[in-house]
Q: 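This is the structure, below, for whatever I ask next.
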Amino acid sequence: MAWLDSHLLTATVFLPLAWAFVGLAIPAGAGVNSFARVLVKTWAFFGAILTLTLSAMIYTRYVPTGSEFQLVENVAWISALGISYHVGVDGLSLWLVLLTTFLMPIVILSSFNAIEERTKEYYFLLLVLESAILGTFLALDIFLFYVFWEVMLVPMYFLIGIWGGREKIYAAMKFFVYTMFGSLIMLVGIFYLAYQHKIQFGAYSMDFVSLYKLQLNGGTFLATQSVLFLAFALAFAIKVPLFPLHTWLPDAHVQAPTAGSVILASVLLKMGGYGFMRIAFPILPLGVAYYQVTFMILGSVAIVYGAWVAMVQPDIKKLVAYSSVSHMGYVILGLFSLNAIAATGAYFQMLSHGISTGALFLLVGMIYERRHTREIGDFGGLSRVMPLFAIAFMIIVLSSMALPGTNGFIGEFLVLLGSWRTSPALAGVAALGVIFGAVYMLWMFQRVMYGPITRKENEGLSDLSAREALVLAPLLVAVFVMGIFPNVVLDKLEPAIDRFVARSRGEVRIETAEVLNPRDIAELSAILKEKEE
Amino acid sequence: MEALKTIRPELLTLAPDQLRALSPYLFVFAGTLLAILFSAARVVKSRWPAFLIFIVSSIIGTVAALVLLREPPTLLFNGMMSSDAYANSFCVIFLVSAIVTAASSLKYLDNEELQQPEYYVLILFSALGMMLMASALDLIVMFIAFELMSLAVYMLVGFRRNDRRSNEAAMKYFILGSAASAVLLYGVALLYGATGSTSIRGIFAYLQAASGQGVTPVFAIGAWFAVLGFLFKIAVVPFHMWMPDVYEGAPVPVTGFMTTGLKAAAFAAFLRVFIATGYGSGVSAVIQNHIHDILWVSAVLTMVIGNVIALTQTNLKRMLAYSSIAHSGYILVGMIAGPLSEQGYAPVFMYLTAYAVMNLGAFVILTSLAARNDGGLNLHDFSGLSRRHPWLAFSLAIFMFSLAGIPPTAGFSAKYVLFYSAIQANEIPLVVISVLCSLISVYYYLRVLVYMYMRDTPDEVPVRRRVSVWSAAAIAAMVILTLQIGVLPARIVAAAKKAVTSL
């Protein structure tokens, strides 16, 4: 236990990986319900539960008023290049870690019946994926971050490519190559930052905290910060995904198995937002200032465009996928508004999108398992045969539309409130997205759940099984807890958000509390002022 | 260093520490002679004597080289050879790739009915040539070592006597290789004419003396020819035409040996000459700029053409051949950056090591899966491999990820260090081109995984081949090394640093 006390984060990150490899040793069973297969599933499920327990321990030990990063572990890794194994938790990583560990057991439970082929490999990859995601969120060394960021692609690639739908290979390849493109450009940026650190401070370091102290010029199109910001923003915007870089998402989401879609939408997209918050904004404040308006416009366009495209989708899963583009637009808009309210809203929006979109994919997966179709036209009147399902679906749809009292409301409201201060016009455009969101969600819900049952196949559909109810229950609880008591989340988030905003506005170089040199401050405030006018 | 004007026998005698420094070469050479004796006498009509002599002598040679790594460098034969960390580190790469090649060949040669002891003798001979190339400090010695290695490899390429492609490859390789050797030799002659020395240190001393006033045209042309000769040997664009045909015609294990050992040897010698011709040392600005531009263009062309053509290949062997060209391009990036970055040429060494490990592993798997006459290596033959051979597919997946440069594998950490050094040398456009090229490579490497994991086995099920214990051991070792270099690269970074500082 003493070891666990001092290595809690390492344990959390690598437990799923170790668990996955032990699980590989279970011999392959013959039948679908053979003992070995059941053992594999249960083994994976308990691994995920144990990880959730560990992350709950992180939650209890994290003190928001304490030092910036807590439970830190720092070991030299490749000392010749200043690379270290450095992990730590702050408010920004804490909630995304909890979101991941919270969803993972749900996802595993949800695929108990859906995956009949290569069961062992499937759960192996899911657990490896969990390790990679947790590592990305907890890394405090940019090299470590990059390693986990890339490793995460591999299990996801196999999950889509092996267990996906008809176009699985195309979707898997597109997902991988698209994301890799952004990552490689980001890698060049990482090299440059590390090199600059060596020049400015005389030593190699890849720590986020030491990179935050870099002084780079900015303000023009070809200035270092602007170019670097584009390099990083490309990687993160592809991941978010921001319009017009979103085209990999509908393919990947629709083709992936349910569990893959849930993880993809709920957690992997958040890595883009997290990357902006952890790397691009604090290191490159002048770059952010330079591109602020551009990205705010792109964010608002994404909100409206995603909603419009979602409206005309005949396939429910595709509709949910495009709704993600719309919802993640709020995140971008909120982050680039550069104030604490909008940033809090953006972060909250990431969490609530994780809960409600994850739940939507699970619900779609449940009717797909029954009917093997996802066309809206094939359904109608389902509420008559599946009342429990209808209730759960209704709640999630409302939360996705941001009804007050649900989690979606808090995030979108804060984003709109905060972005109004920076740009009322764009906030107005974004507010339209709320209306369109209600339209496509309710219209879809009406066509699927209400009206007469038009197809004979739909008459005999069974309602939620106990396992499915168990899968959905935690998500429904989370919708209301986050909607009614948002302070549960906000209390542990605020100090981190304040630091983030201060750094992104270039006001202070935290940790040493160094103030930027006067020239930079003048430059920055001139730019900000220009923007405000 | 005084040029060797008259032969003074007292300089050719060996002191005990020099004998010690020569031990890896002596062990390998002894092994070669013994293997020849056994194969010529045909006392036992079996493959075992030659094979076992091969394995034992090269393992002893490897251990000797590893031991020598801890010792201070020794000059040998009047400064014509040096046993330093650089030479010994490369010796380890050559011998390990020779061992892995032989281990994977054992069953392959049985299948092809080519089992002849001469095969192992030839591999050992070319390994010896490679070792001498890495340690030569004199261009004449380097040339002889080069020919020793090449002649053995020409024969290995044509080892499948009854196969037309193999014969064609050997002939092509021989003619073009000789032409390249001639260019190289001509460059050496011109360098000798300009500097009065064939020794690398002598040429370097001449450059240092001449710095400030520039070099003579004879020297510049000589340096160019030498560099071009080497560019041919390492097969970078536009001197790459011979390579895919040769790689395709050669028996699979020989191709693996050529892409790793031979390439590493050519780069090892190239680096030594490179420094002597004034680029690496930064002595002469004129030459530096010229060669920089030649290499820059060549690196970009190599990466783009190698990767784009590899993209269109449907045969795995040919794809790996083109990708090998592309990897030479990455290494050239490291050479361009070398003199201007803090790591020097260490990333080049590290990349060669990582490439040797992952590519050898991939070729051992190809060797184990090859049908008669090297058939059965088309992409669709790999469909559903993960069901027939789960472990082979898993290992090949790791090698493919490593070749594509995805963490946590050797390929990633090597690429990371290499491109980082290029950024330090301020070659930002070059690095951007490089990473985009490796993005292209991601596609064709992953396509192999698509066939292995995401497509079903074809209707006529290919015969499930048994993998020999030797191959399995070699694959396991390469997988472990790939992951080890990927996860804990600190050691290999330090080793690379040590190797190149002794240059």
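Everything quoted here is computed from the prediction, not taken from an experiment. Every chain is numbered from 1 and lettered A, B, ... according to where its sequence line falls, protein lines coming before strand lines.
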Q: With chain B, which of A/W149, A/W163, A/F148, A/F176 has the greatest number of heavy-atom pairs at distances under 4.5 Å?
A: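 When all of A/W149, A/W163, A/F148, A/F176 are compared, A/F176 has the most.
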Q: Please identify each residue that fulfils side-chain hydrogen bond (donor to acceptor under 3.5 Å, both in side chains) with B/S328, with sequence neighbours left out.
A: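 Per chain and number, B/S328 pairs via side-chain hydrogen bond (donor to acceptor under 3.5 Å, both in side chains) with B/K263.
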Q: Taking side chain as everything from C-beta outward and backbone as N, CA, C, O, which of these in A/Y85 sits under 4.5 Å from a heavy atom of chain B? Side chain, backbone, both or neither.
A: neither
Q: Nearest 0.5 Å, what's the CZ-CD1 distance between A/F181 and B/I440?
A: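 Between atom CZ of A/F181 and atom CD1 of B/I440 there are 11.0 Å.
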Q: Tell me, please, which residues at least two apart from B/V448 pass side chain to side chain contact (heavy atoms under 4.5 Å, CB included).
A: B/L316, B/M319, B/L379, B/L396, B/M400, B/M452
Q: Measuring from A/I169:CD1 to B/R455:CZ, what's the distance to the nearest 0.5 Å?
A: 4.0 Å
Q: Using non-hydrogen atoms only, which part of B/V450 is less than 4.5 Å away from chain A: side chain, backbone, both, or neither?
A: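 Both backbone and side chain of B/V450 come within 4.5 Å of chain A.
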Q: Quick one: closest heavy-atom pair of B/A490 and A/W77, and the distance?
A: CB-O, 3.3 Å
Q: B/Y420 vs A/F191 aromatic rings, parallel, tilted or perpendicular, using cut-offs 30° and 60°?
A: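 Answer is parallel, since the angle falls under 30°.
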Q: Does any backbone or side-chain atom of A/I199 lie under 4.5 Å from a heavy atom of chain B? Answer side chain, backbone, both or neither.
A: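 Neither part, no heavy atoms under 4.5 Å.
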Q: Taking all non-hydrogen atoms of both residues, which atom of A/E150 and which atom of B/I406 are closest, and how far apart?
A: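 Between these two residues, the closest heavy atoms are O-CG2, 4.5 Å.
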Q: How close do B/Q424 and A/Y195 get, counting heavy atoms only, and between which atoms?
A: O-OH, 3.2 Å
Q: Checking B/Y416 against chain A: side chain, backbone, both or neither under 4.5 Å from a heavy atom?
A: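 Both parts, heavy atoms under 4.5 Å.
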Q: With a 4.5 angstrom heavy-atom cut-off, which part of A/M180 approaches chain B: side chain, backbone, both or neither?
A: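 For A/M180, heavy atoms of backbone and side chain both lie under 4.5 Å from chain B.
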Q: Between chain A and each of B/I423, B/T409, B/V487, count heavy-atom pairs under 4.5 Å; write down the option with the most.
A: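 Looking at each of B/I423, B/T409, B/V487 in turn, B/I423 comes out on top.
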Q: Taking all atoms of both residues into account, what is the closest heavy-atom pair of A/V151 and B/P408, and its distance?
A: CG2-CD, 3.7 Å
Q: Out of B/A404, B/P489, B/A494, return the one with the most heavy atom pairs under 4.5 angstrom to chain A.
A: B/P489
Q: Please flag which part of A/Y157 lies under 4.5 Å from any non-hydrogen atom of chain B: side chain, backbone, both or neither.
A: both
Q: Write down the atom of A/L184, the atom of B/V435, and the distance for their closest heavy-atom approach.
A: CD1-O, 3.3 Å
Q: Measuring heavy-atom distances to chain A, does B/L436 have an atom under 4.5 Å in its side chain, in its backbone, in both, or in neither?
A: side chain
Q: With a 4.5 angstrom heavy-atom cut-off, is it the side chain or the backbone of A/L187 that approaches chain B, or both, or neither?
A: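 Only the side chain of A/L187 comes within 4.5 Å of chain B.
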Q: Where does B/S386 contact chain A at under 4.5 Å (heavy atoms): side chain, backbone, both or neither?
A: side chain
Q: When you compare the side chain of A/F158 with that of B/L449, does any pair of heavy atoms fall below 4.5 Å?
A: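 Yes, close enough: below the 4.5 Å cut-off.
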Q: Considering only heavy atoms, which portion of A/A231 lies under 4.5 Å from any heavy atom of chain B: side chain, backbone, both, or neither?
A: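 Contact with chain B: none, neither part.
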